[in-house]
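To keep things clear, I will list the structure first and then write my remarks on it.
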Amino acid sequence: MKVSVIGSGYVGLVTATCFADIGHEVACVDIDEKKVELINAGVPPIYEEGLGELLQKYAGKKILATTDYDYAVRNSEISFICVGTPSDDAGNINLEIVKAAARSIGQALAKKAGYHVVVVKSTVVPETTEKLVLPILEEASGKKAGPDFGVAMNPEFLREGKAIEDFMNPDKIVVGAIDEKAGKIVSELYRPLDCEITLTNPRTAEMIKYANNSFLATKISFANEIGNICKQLDIDTYEVMQAIGKDFRISPAFLNSGAGFGGSCFPKDVKALIGKAKEIGYGPTLLEAVISVNETQPLMMTDLLRKKIGDLKDKKITVLGLAFKNDTDDIRESRAIPVIAELLRLGAEVSAYDPLAAENMKKVFPAIGYRKSAKAALEGAEACLVMTEWDEFKELDSEFEGMKEKLVIDGRRIIKARNIDYEGLCW
Ligand code: UGA
C-alpha cells in the first residue's frame, strides 16, 4: 500500500521505516528541510536501534522524504499524523502541531480526487481525533468525513531504544476508526505483522494508549511505595515483587522499585490523563498518587544520603547515570535531574558520569563535573548515587576504590560490587 507519514521524529521515522520493511511505499513529510535531506540520504536524524540500517536500505527506494504535503497525500492512500504533542506547564498536551498537520492534510485532500484515510498516531487525549482533528480536516478539505475520507486513531506502543523491535513484534495493534471502511484499510496495512487487531472507535483507541502507559506507571509507583515500606521493615522488596509477579494476574514486569520513572511518555501521559479527567469534572485520585510517589522517590535518594553522611555542603558526591533509562541519551524527566538539583541546593560538589547522556545533561546543569568514566567520576567522592540501570554499572568494582568514603546508594538495584558500603533505595 502507499502511505504518507507526517512528522519525522522517533515515532514517525520508526513507523515509516517499519512500514517500508513490511512491503509498503512510504512518503515521509516534514517541515524541516534538513531532516528531509538526511532521510533521503539514508541518515536518521535521531538515534534508535536498527533505524540506520533500515533507512539505509529503503531511502530513495521505498521511502521518500518531502516537505510537500500535496505530493505526499496525492501519492498515498493513507496519511499518518506522527507529530509531537509537547506538554504545557500544567501538564496538558499542546495540540497546535497536530492541528497544523491536520490543516495541511485537509488542504491537500481538497485537491485530491478519491477516498483517503487520515490516521492519528500521535498520543492525544480521548476525543481529540473526533472533536478536533476531524472537524479541521473537513473544514480545510471542504469534504465530508465518512463518505469522502476516513479518519482513524492508531496508537503506538513503542519503547524508546526498542521501537523497531516493538513495531515488528507487537503484542497488540489498536485501530480506532470512525467507520468500518477506514478501519479495514488501516488494519490491512498491518496484515504482514500477523497480530490480532483490536478494532474500535477513535476515543477508545486514544484511551487504550493512556490506560496502557498509566497502568505501567502505576505498577512502578506501586512497587516503589511497597519498596519504601519494605526498606523500613528490613524486607527485600525485590523478593516480594518476584513472588507476587508469579501470580499471572500481576506479572513480574515493571515492578522494579527504585528512583522512579522518567522519559517522554509516562510522566507526560499520566499528567495529561489527569488533566482530561479534571476537565470533565472527575478527580483522578489514584493517577495523582502515581505522580506524587514518582516525584518524591528521587528525593528519597538525597534524604537517605543525608541520613548517612549529614550536611552535604562542600561534600563531593558522584552521580552515576543521567539518562532516564539505559541504552539512550535521552534525559527527559530523568530522575537524575531532581537529584542533582537537590544536591546542588544543599551545597554539594557534583561529579557525574553517563555512557551516553552527559552532553544532553550539560544543557540542564552546565556547571557540574562531567567525567569520561565511572572511575574518574568516583575519584575522591564521599558518596555515590546510582540513577540509571546501565548494564556497565553491573561490572563496576575496583572503580569504587578511588572514593574517599565508599558509600554507594543504588537507585536501580544494579550495583554488584562487594567491598563498598552499599545501600539500596528500597531494599
Ligand atoms: C514507554 C512504554 O514502555 C512504551 O510501551 C510506550 O509506547 C512509550 O512509553 C510511549 O508512550 O511512547 P519508554 O518511555 O521508552 O516507553 O520507557 P520504558 O522502558 O517503559 O521506561 C520508563 C521509565 O520507567 C524508565 O525511567 C525506567 O527506568 C522506569 N522503570 C521501568 C522503573 O522504574 N521500574 C520498572 O520496573 C520499569
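Along the sequence shown, residues are numbered consecutively beginning with 1. Start at 1 and go down the list; that is how both ligands and their atoms are numbered.
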Considering only non-hydrogen protein atoms, determine which one is nearest to atom 19 (O) of ligand 1 and report residue, atom name and distance to 0.1 Å.
Lys325 NZ, 3.0 Å
Geometric N/O contact Phe324 with ligand 1, under 3.5 angstrom:
yes
Is the Lys NZ or Arg CZ of Arg413 less than 6.0 Å from the centre of Tyr238's six-membered ring, within 45° of the axis?
yes
Donor-acceptor pair between Tyr47 and Asp329 side chains, under 3.5 angstrom
no
So for Lys219 against ligand 1, with non-hydrogen atoms under 4.0 Å, the contacting part is neither
If you count the atoms of ligand 1 from 1 in the order shown, which ones are under 4.0 Å from a heavy atom of Glu160?
15 (O)
Under-4.0 Å heavy-atom contact with ligand 1, by part of Leu255 that carries it:
backbone
Nitrogen or oxygen of Phe261 less than 3.5 angstrom from that of ligand 1:
no
Looking at Lys375 and Glu399, is there a salt bridge between them, counting it only when a charged N and a carboxylate O are closer than 4.0 Å?
no
Close-contact set for ligand 1 against Gly260 heavy atoms, below 4.0 Å
33 (O)
Without hydrogens or angle criteria, can the side chains of Asn212 and Lys172 be said to hold a donor-acceptor pair below 3.5 Å?
yes
I'd like to know if Glu25 and Lys61 make a salt bridge, using a cut-off of under 4.0 Å between side-chain N and carboxylate O.
no
Numbered in order shown, the ligand 1 atoms found under 4.0 Å of a heavy atom of Asn213 are 2 (C), 6 (C), 9 (O), 10 (C), 11 (O)
Taking only non-hydrogen atoms of Phe157 and a 4.0 Å limit, the atoms of ligand 1 in range are 5 (O), 7 (O)
Can you tell me the protein heavy atom closest to atom 8 (C) of ligand 1 and the distance?
Leu158 O, 3.4 Å
Looking only at atom types and distance, does a side-chain atom of Thr318 sit under 3.5 Å from a main-chain N or O of Cys384, one as donor and one as acceptor?
no
Should the heavy atoms of other residues, nucleotides or ligands under 6.0 Å from CE of Met207 be counted, would the total exceed 12?
no
Plane angle bin for Phe80 and Phe19 - parallel if under 30°, tilted between 30 and 60°, otherwise perpendicular
tilted
Just by distance, no angles: are the side chains of Glu206 and Thr129 close enough, under 3.5 Å, to form a donor-acceptor pair?
yes
Tell me the contacting part of Ile220 for ligand 1: side chain, backbone, both, or neither, using a 4.0 Å heavy-atom threshold, strictly below.
side chain
Going by the 4.0 angstrom heavy-atom rule, the piece of Lys209 near ligand 1 is side chain
May I ask you to identify the nearest protein heavy atom to atom 33 (O) of ligand 1, giving residue, atom name and distance to one decimal place in Å?
Arg412 NH1, 3.2 Å
Would you say Asn201 and Thr204 are linked by a side-chain donor-acceptor pair, where the criterion is simply a distance under 3.5 Å?
yes
re atom 37 (C) of ligand 1, the protein heavy-atom contact at minimum distance is Phe254 CD2, 3.5 Å
Before accepting this row, confirm whether a basic side-chain N of the pair Arg335/Glu295 lies closer than 4.0 Å to the acidic partner's carboxylate O.
no
In the protein, which heavy atom is nearest to atom 9 (O) of ligand 1, and how far is it?
Cys265 CB, 3.2 Å
Among all protein heavy atoms in this structure, tell me which lies nearest to atom 34 (N) of ligand 1, with the distance rounded to 0.1 Å.
Asn256 O, 3.1 Å
Please determine whether any non-hydrogen atom of Gly258 lies less than 4.0 Å from an atom of ligand 1.
no
Ligand 1 atoms nearer than 4.0 angstrom to some heavy atom of Glu389 are 27 (C), 28 (O)
Listed once per pair and sorted, the ring pair (Phe, Tyr, Trp, His ring centres under 6.0 Å) pairs that draw on residues 253-304, sequence neighbours left out:
Phe261-Phe266
Nearest to atom 1 (C) of ligand 1, what protein heavy atom do you find, and at what distance?
Phe266 CE2, 3.5 Å
Hey, looking at atom 16 (O) of ligand 1, which of Arg159, Glu156, Lys162 has the closest heavy atom?
Arg159
